[in-house]
> 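The structure is given below, and queries will be raised subsequently.
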Amino acid sequence: MTPSTDRNQQLFDRARALIPGGVNSPVRAFRAVGGTPRFVQRAQGAYFWDANGRRHIDYIGSWGPMILGHGHPAVVEAVQRAVLDGFSFGAPTEREVQLAEEIIRHVPSVEMLRLVSSGTEAAMSAIRLARGATGRSLLIKFEGCYHGHADALLVKAGSGLATFGHPTSAGVPAEVVQHTLVLEYNNIEQLEQAFAEHGDAIACLMIEPIAGNMNFVRASVPFMRRCRELCTRHGTLLVFDEVMTGFRVALGGAQSLYAAQIPGFAPDLTVLGKVIGGGMPLAAFGGRRDVMEHLAPLGPVYQAGTLSGNPVATACGLATLQQISQPRFFHALASRTRNLVDGLGEAARAEGIDFSVDCEGGMFGFFLLPQLPQNYAAVMKSDAPRFGRLFHGLLDRGIYIAPALYEAGFVSSAHTGADIAETVSAAREVFAELRT
Ligand SMILES: *Cc1c(COP(=O)(O)O)cnc(C)c1O
């Protein structure tokens with residue numbers, strides 16, 4: 001046998017010898033869809049080129065951060081300048097203040113915030129803060145929501161309704177998740193039952209308001225209203241995990257959409273990441289001043305980070321937020337995304353494929369199901385092998401979507417009408433193949 005001339009395969013073989021699964025984050029390994037991961041050589045705008053020099057239209061965008069596309073000139077310039085001034089100081093800088101001001105300006109429920117380096121760190125810290133501020137231990141999480149890989153959050157529902165969870169990862173002791181109640185998303189009855197049984201012991205309820213880690217499932221307005229009411233009544237903190245949706249579905253995040261429909265609505269704490277770093281390791285958690293003041297050095301809840309508020313990352317995030325807060329940015333992004341999902345929906349209908357699709361701002365999701373699912377069990381009714389065929393059909397045509405059916409997609413301001421049209425026509429060909 002002659003050795004493979006596929007550079008992606010060569011790199012994957014080398015990587016697998018040295019890095020578990022060949023990747024530094026599991027989904028990148030293509031396990032759900034099979035085949036060889038694409039090793040990215042470079043990216044520009046809406047495209048990346050893999051190790052074979054093949055161009056792909058990128059609908060992952062680093063799983064959300066690249067809302068301006070890759071290599072936006074204003075962001076590149078800001079990062080280059082920042083690098084010349086130093087990589088990291090472990091001392092405060094003006095840009096941290098500016099980034100805090102910029103975030104708070106757009107997300108009014110956030111009165112104070114702290115910067116960290118990953119969404120995992122932000123969610124984990126928000127939970128410690130919620131527990132420290134309330135003096136309680138229990139937390140509510142919903143099945144199918146992802147909040148990073150902190151131990152207490154790697155948990156699935158036990159048997160029966162509204163029960164304490166079981167670890168979803170080896171290495172997480174059962175005792176660590178015994179304080180985590182796992183509930184079904186969008187299930188008001190279970191939510192009420194959980195609060196009726198445990199209400200005054202629940203420190204926080206953490207939720208992805210649009211669950212991008214179930215592809216794309218919205219929390220219904222009545223469900224969210226009930227979450228807010230029950231949290232308020234029981235002194236439980238409502239924590240919005242907007243790592244994915246923040247500055248992505250709207251400038252004010254998903255919470256601005258609920259606030260438009262539920263008078264006076266606001267979460268108590270918000271977790272942010274992805275877009276606020278513009279592709280650099282940067283995340284944040286923030287919210288009510290009286291809660292945030294429990295954090296060290298003001299209060300007794302400890303939290304720290306050597307690279308927190310990193311000067312290069314804050315430059316990248318600030319430049320990104322400055323671009324996306326320009327007038328009509330979100331309007332244009334949302335209509336481009338809408339064109340994509342409408343086109344995909346029409347293509348599926350024309351080929352007689354069961355298909356449902358939704359989007360908000362620059363985030364979208366689709367299912368090979370006749371109706372949009374409302375919870376994790378419904379998402380899991382998707383036909384995985386069929387999704388794998390769709391994924392590879394698109395990949396063969398240079399269209400790169402998430403290699404797993406429970407992941408959202410992202411459109412950037414660099415995607416053109418021609419990119420969308422190319423994607424839709426490729427999708428129609430693949431749908432035709434799926435029918436046979
Ligand atoms: C990506 C994500 C996280 C984890 O962020 P990392 O930076 O990968 O640690 C947490 N919550 C949500 C909703 C996410 O989408």
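For ligands, and for the atoms within them, numbers begin at 1 and follow the listed sequence.
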> Could an N or O of ligand 1 be found under 3.5 Å from any N or O of Val243, whether backbone or side chain?
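Val243 vs ligand 1: no N/O contact under 3.5 Å.
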> At under 4.0 Å between heavy atoms, which part of Thr245 makes contact with ligand 1: side chain, backbone, both or neither?
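Answer for Thr245: neither.
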> Atoms of ligand 1 less than 4.0 Å from Asn213 heavy atoms?
12 (C), 13 (C), 14 (C), 15 (O)
> Can you pull out the closest protein heavy atom to atom 11 (N) of ligand 1? Residue, atom name and distance to 0.1 Å, please.
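Checking every protein heavy atom, the shortest distance to atom 11 (N) of ligand 1 gives Asp241 OD2, 2.7 Å.
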> Using a strict 4.0 Å cut-off to heavy atoms of Ser118, name the atoms of ligand 1 that fall inside it.
7 (O), 9 (O)
> Show me the side-chain donor-acceptor pairs of residues 16-26 shorter than 3.5 Å, one per line, residues at least two apart or across chains.
{"from": "Arg16", "atom 1": "NH2", "to": "Asp13", "atom 2": "OD1", "distance (Å)": "2.7"}

> Measure from the side-chain N and O atoms of Arg136 to the backbone N and O of Gly235, and report whether any donor-acceptor pair falls under 3.5 Å.
yes
> Looking only at distances, can you tell me whether any N or O atom of Glu121, backbone or side chain, sits closer than 3.5 Å to an N or O atom of ligand 1?
no
> For Ala82 and Val312, which heavy atoms make the closest approach, and how far apart are they?
CB-CA, 4.1 Å
> Who's the nearest protein heavy-atom neighbour of atom 7 (O) of ligand 1, and how far?
Gly119 N, 2.8 Å
> Which protein non-hydrogen atom lies closest to atom 8 (O) of ligand 1, naming both residue and atom, and how far is it?
Thr120 OG1, 4.6 Å
> How are the rings of Tyr185 and Phe142 set to each other: parallel, tilted or perpendicular (split at 30° and 60°)?
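Plane angle over 60°, so perpendicular.
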> Looking only at protein heavy atoms, which one is nearest to atom 14 (C) of ligand 1, and how far off is it?
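It is Lys274 NZ, 3.0 Å.
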> Salt bridge or not between Asp342 and Arg338? Use side-chain N to carboxylate O under 4.0 Å.
yes
> Does Arg81 come within less than 4.0 Å of Glu77, counting only side-chain N to carboxylate O?
yes
> Distance under 4.0 Å to a non-hydrogen atom of Glu208: what atoms of ligand 1 satisfy this?
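Contacts of ligand 1 toward Glu208, numbered from 1: 13 (C).
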> For Arg218, is there any backbone N or O sitting under 3.5 Å from a side-chain donor or acceptor partner on Asn186?
yes
